[in-house]
Every structure is written in structure tokens, then in C-alpha cells.
Chemist: 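Would you mind keeping the following structure in view while I ask a few things?
One-based numbering, in listed order, for ligands and for the atoms of each.
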Amino acid sequence: MKRITELDFDNTYSRLPGDFYDDARPTPLENPRLVCFNPDAAALIDLNPEEANNPELALYLSGGITIPGSHPLAMYYTGHQFGVYNPDIGDGRAILLGEVRNEHDGKWDLHLKGAGRTKYARVFDGRAVLRSVIREYLCGEVMHGLGIPTTRALSIVGSDEKVERETTERGAMLLRIAETHVRFGSFEGFHYTGREDYVKLLADYVIENNFPHLKDGNDKYASFLSEVVDKTAKLLALWQAYGFAHGVMNTDNMSIIGLTLDYGPFGFLEEYSPEYIPNHSDHFGRYSFGNQPAIAFWNLQMLATALGSLVPRELSQEVVFGFRGLYGKYYLGIMRQKLGLVKEDDGDPMLIKGFLAILEETKADYTNFMRGLGDFPAEAEGEKVNTVEEYPAFKEWAAVYGRRLISEGSVDAERKVAMSSVNPKYVLRNYLAERAIRKAEDEGDYSEIERLRVLLKNPFSEQPGFDEYSKPTPPSERGLVISCSS
Ligand code: AMP
Ligand code: MG
């Protein structure tokens with residue numbers, strides 16, 4: 001276990017040509033202090049959790065002191081935002097401090113969000129506000145707990161620095177870690193400026209670092225695209241099955257290794273609704289919950305276009321069109337597990353569709369209803385299960401479901417255990433995050449964030465004393481509008 005000054009850096013991105021990034025230094029915050037520290041993320045980079053007590057750690061984690069061995073830079077990228085190409089994006093407020101190798105030969109980007117203006121900041125201030133970094137910090141942990149690929153956060157440094165959004169808020173920095181921060185949009189900028197040599201160089205870089213098994217294969221670029229399609233399909237299947245709406249699926253927010261990246265106005269479903277739009281500036285619902293898989297497919301088309309010089313059109317079409325089949329296969333697989341089904345049956349897609357239709361109509365809580373379904377007695381064909389059990393359509397569905405369970409010899413007690421390992425008891429409901437944010441902002445009390453972090457890292461385990469945290473949003477907090485400014 002290492003001190004912050006002893007980390008083992010290998011800054012591969014900084015060895016790429018200058019057009020890939022801009023050397024940037026973080027702009028320190030006024031009166032920085034460490035307010036959250038995630039020991040689980042620290043373990044990934046071999047950082048001693050005792051370092052949380054190092055009075056200088058806040059300075060290292062907010063750019064006040066440069067971490068020895070690091071090479072801070074802002075990454076260049078572009079992307080399609082709400083369907084329109086923007087040639088002018090890049091890390092405007094985040095800085096890749098460096099890449100740390102751990103003792104298991106894993107490599108992690110340390111990416112500091114809210115680090116001040118960079119060359120790519122355009123008219124913006126380079127900052128992130130406390131409430132938005134708290135949401136990102138917590139959501140990374142619950143996603144990881146749910147088994148959904150994600151970036152994670154090591155720390156939050158708070159400050160007295162004033163940041164203007166709808167109101168005056170306080171600036172904060174989040175140190176985010178991931179195996180890479182390369183995005184679909186990292187390829188697009190080079191393609192649309194005719195630098196196909198750089199598209200190739202970046203593809204080679206990503207293959208070397210994140211897909212090394214493809215390095216010496218034939219058709220390695222097509223295989224690379226194919227793996228990105230596969231990872232993206234898996235990610236989307238997980239989002240849809242767990243009721244996660246990202247909110248801003250622009251191509252610059254799409255991780256090349258299939259991580260959930262760039263948490264903004266995200267939300268977990270309360271009631272099941274394909275129309276759910278977590279981002280209040282998304283007036284036409286481009287990024288509504290139900291649209292997410294189609295948008296991922298479109299984003300992959302944009303990636304394939306950017307890789308056009310490496311993968312011929314006909315081949316990339318075939319690969320990208322594979323998304324639908326892969327997504328369907330993964331989604332069905334996860335939903336079968338969530339329903340406690342072990343064997344495959346041709347009727348499963350209809351069974352799942354019928355189930356979701358009932359949830360949508362009855363406005364049952366998505367997370368809690370699925371959790372409660374683990375108590376369904378196979379023999380009873382529609383006995384009391386949950387809040388919607390009296391609903392006629394549910395009884396009909398339950399009869400089919402019950403027969404299906406009996407047909408595969410399902411054992412109630414065993415099924416319940418299996419279902420509880422895939423249907424969470426807790427998710428990061430917006431009101432829970434909001435309560436923690438309120439305490440932090442109003443009282444300088446960060447204990448609720450820590451409580452949520454510890455709770456949500458094991459979202460499938462019943463945790464005594466935390467029943468309240470599994471409740472749907474109380475009526476008084478229903479109309480909560482999450483600001484999309486961050
Ligand atoms: P996001 O919506 O956070 O994914 O950001 C989209 C783009 O805008 C990225 O290039 C960000 O770096 C940039 N950006 C967002 N907010 C700021 C800010 N306050 N200062 C500088 N750049 C920003
Ligand atoms: Mg972004």
C-alpha cells in the first residue's frame with residue numbers, strides 16, 4: 001500500500017502526439033478540504049486508505065500540489081451532442097492527472113473533474129459544483145455494486161470557491177478513475193479533420209492498452225469495433241434491466257470500453273416508464289429511458305463512421321447491425337435471471353413484455369416490485385405478491401409465470417436467493433442523493449454521503465436499519481427537478 005507520493009505512474013497518453021491533448025495544470029480551489037474518500041477505489045491503485053488522514057491529501061487531489069510522477073493533460077475529443085456534430089469539445093474542466101499502474105498490472109487513469117479551465121473550456125468556467133460531484137461519486141459506487149461497468153470516484157475535495165450556476169454554489173473536484181477515458185468522440189475529431197493517421201494511432205493505442213488480446217489478430221480493427229459493439233450492448237442491457245437512465249448519451253459521453261461515463265442528470269426509474277426523461281433540457285426525449293438502446297446503436301454508427309478508414313463500410317455495417325441481436329440476447333438473459341428463470345423458453349420475450357406492460361400500467365415501483373417478486377410462490381399461481389397483486393392483468397400474467405416456474409422445477413427458496421442477488425434492495429434514488437447533498441451544502445455535514453456509499457456498495461444485501469432507504473420517493477419529494485447544469 002502506497003502513499004500518494006509513491007504511486008507508480010506510466011503516462012502513456014502523454015506519449016501520443018501533441019494533437020491528442022493539451023498540457024494543462026489544474027487551477028487550485030479556494031480553501032480545499034477532503035470531504036469524501038473512497039477506500040475501495042483507493043485499493044484499485046494501491047493507495048493506502050490511511051492517506052485519508054494525510055493533511056496534504058486534499059491538495060494532491062485538487063491540483064494544489066502535483067502528484068510526483070503524474071503528467072496532467074486535457075484530452076482532445078469531439079462528438080455528436082443531441083444528434084448534432086460539435087467539433088469543439090474536449091476536456092473543458094477535467095484533467096487527466098496521469099495513469100497509475102497497480103501491483104496486479106492494472107492501469108488506471110486519474111481524472112480530475114472540476115479542475116479549472118483548459119484549452120477546451122470554450123466559454124465555460126472549468127468548474128464542477130459540489131452537488132453534481134456528490135451524485136457522480138455515489139452513482140459510480142452503486143453501479144459498481146450492481147455489477148454495471150462504470151467509472152468510479154476516489155475522492156471529493158470541497159472548497160469555498162463560488163461557482164455561478166442557476167444560483168451561486170460551491171466548487172468541488174472529483175477524482176475519477178477508469179481503465180481509460182477514451183470516448184467514441186475521441187475518434188470522431190480526427191476523422192472529421194481528415195487525420196486518418198491519428199484515427200489509426202488512437203485505435204492502436206486503445207487496442208494495446210485495453211484490448212491487448214486483439215493486437216496480433218487478423219482484421220484487428222474490425223474485431224475492435226466488434227468488441228466495442230458487444231460491450232456497449234451489454235452495458236445497455238444492464239441499464240435497461242436495472243432501470244438506469246443516463247440522460248445525456250452524446251457520443252462524447254460514450255466510453256470506448258463500455259463503462260457508464262459522465263454522470264449528469266441521470267436517474268433510476270421509480271415507476272417503469274419508457275418515456276422517463278431524467279434531463280429536463282431534453283425537451284423531445286431523445287435520451288428517454290426507452291430510447292437508450294436505439295441511441296447506443298446510433299452512436300455506434302457514428303463510431304463506425306469515424307473508423308471508416310480502418311474498417312470497410314460493408315464490414316462495419318455488419319458488425320454494428322449485430323448490436324440489436326446482442327442487446328436482445330443480453331437483455332433477455334438478465335431479465336430471465338431477474339425473474340428467477342433458469343431455462344430458456346421461446347415464450348420468454350412475451351412474458352417479459354407482458355410483465356413490463358403491467359408495471360407500466362399499475363405504476364408499481366420498478367426496483368421494489370422486482371425485489372418482491374422473489375417471494376412469489378410457484379405453486380400458488382398468482383397468490384399475493386406485492387402491491388399490484390389484486391390487479392386482474394397481473395393475476396393472468398402470474399398464472400403464466402407460475403406455470404413457467406413449475407415447468408422448470410423451480411424451488412421457491414432457491415429461486416428467492418438467486419433473485420435477490422440480481423434484484424437490488426437499494427438503488428440511488430434521486431431523493432436519497434438530494435438529502436445527502438442538502439446536508440453537505442447546508443450544514444457541511446458529509447456523513448450521509450458516506451452512509452449512502454457504504455449502503456449502496458452492497459445493493460443486493462438487506463441491511464438492518466436501512467429499510468427507509470429502499471422506499472420509493474415520498475410524495476413530498478416527488479416533484480424534485482435535478483438541475484442539468486453541473
Ligand atoms: P458534459 O455535459 O459534462 O459531458 O460536458 C460536455 C462538454 O462540455 C465537455 O467537453 C466538458 O468538458 C464541457 N464542460 C461542461 N461544463 C463545463 C465547465 N463548467 N467548464 C468547462 N467545460 C465544461
Ligand atoms: Mg461529457
Chemist: State whether the side chain of Arg127 and the backbone N or O of Gly114 hold a donor-acceptor pair below 3.5 Å, judged by distance alone.
Modeler: yes
Chemist: Does Arg195 make a cation-pi contact with Phe190 (under 6.0 Å, within 45 degrees of the axis)?
Modeler: no
Chemist: Looking at Ile257 and Asn210, what are the two nearest heavy atoms and their distance?
Modeler: CG2-CB, 3.7 Å
Chemist: How close do Val422 and Gln337 get, counting heavy atoms only, and between which atoms?
Modeler: CG2-O, 3.6 Å
Chemist: I want to check something: taking the side chain as every heavy atom from C-beta on, are Val129 and Arg170 in contact at a cut-off of under 4.5 Å?
Modeler: no
Chemist: Thr260 and Trp239: side-chain donor and acceptor closer than 3.5 Å?
Modeler: yes
Chemist: Restricting to non-hydrogen atoms, name the atom on Asp262 and the atom on Asp252 that form the minimum distance, rounded to 0.1 Å.
Modeler: OD2-O, 4.4 Å
Chemist: Only protein N/O/S atoms count here: give how many lie under 2.8 Å from the Mg ion (ligand 2).
Modeler: 2
Chemist: Quick one: closest heavy-atom pair of Ala153 and Tyr137, and the distance?
Modeler: CB-CD1, 3.6 Å
Chemist: May I ask you to decide if the ring planes of Tyr263 and Phe244 are parallel, tilted or perpendicular, using 30° and 60° as cut-offs?
Modeler: perpendicular
Chemist: What short N/O contacts, under 3.5 Å, does ligand 1 make with the protein, listed by atom pair and distance?
Modeler:
residue, atom, partner, partner atom, Å
ligand 1, 3 (O), Arg93, NH2, 3.1
ligand 1, 4 (O), Asn253, OD1, 3.1
ligand 1, 4 (O), Asp262, OD2, 3.4
ligand 1, 8 (O), Arg122, NH2, 2.8
ligand 1, 10 (O), Gly90, O, 2.5
ligand 1, 12 (O), Gly90, O, 3.2
ligand 1, 12 (O), Gly92, N, 2.7
ligand 1, 16 (N), Arg93, NE, 3.3
ligand 1, 19 (N), Asp125, OD1, 2.9
ligand 1, 19 (N), Arg127, O, 3.2
ligand 1, 19 (N), Arg165, NH2, 3.4
ligand 1, 20 (N), Gly126, N, 2.7

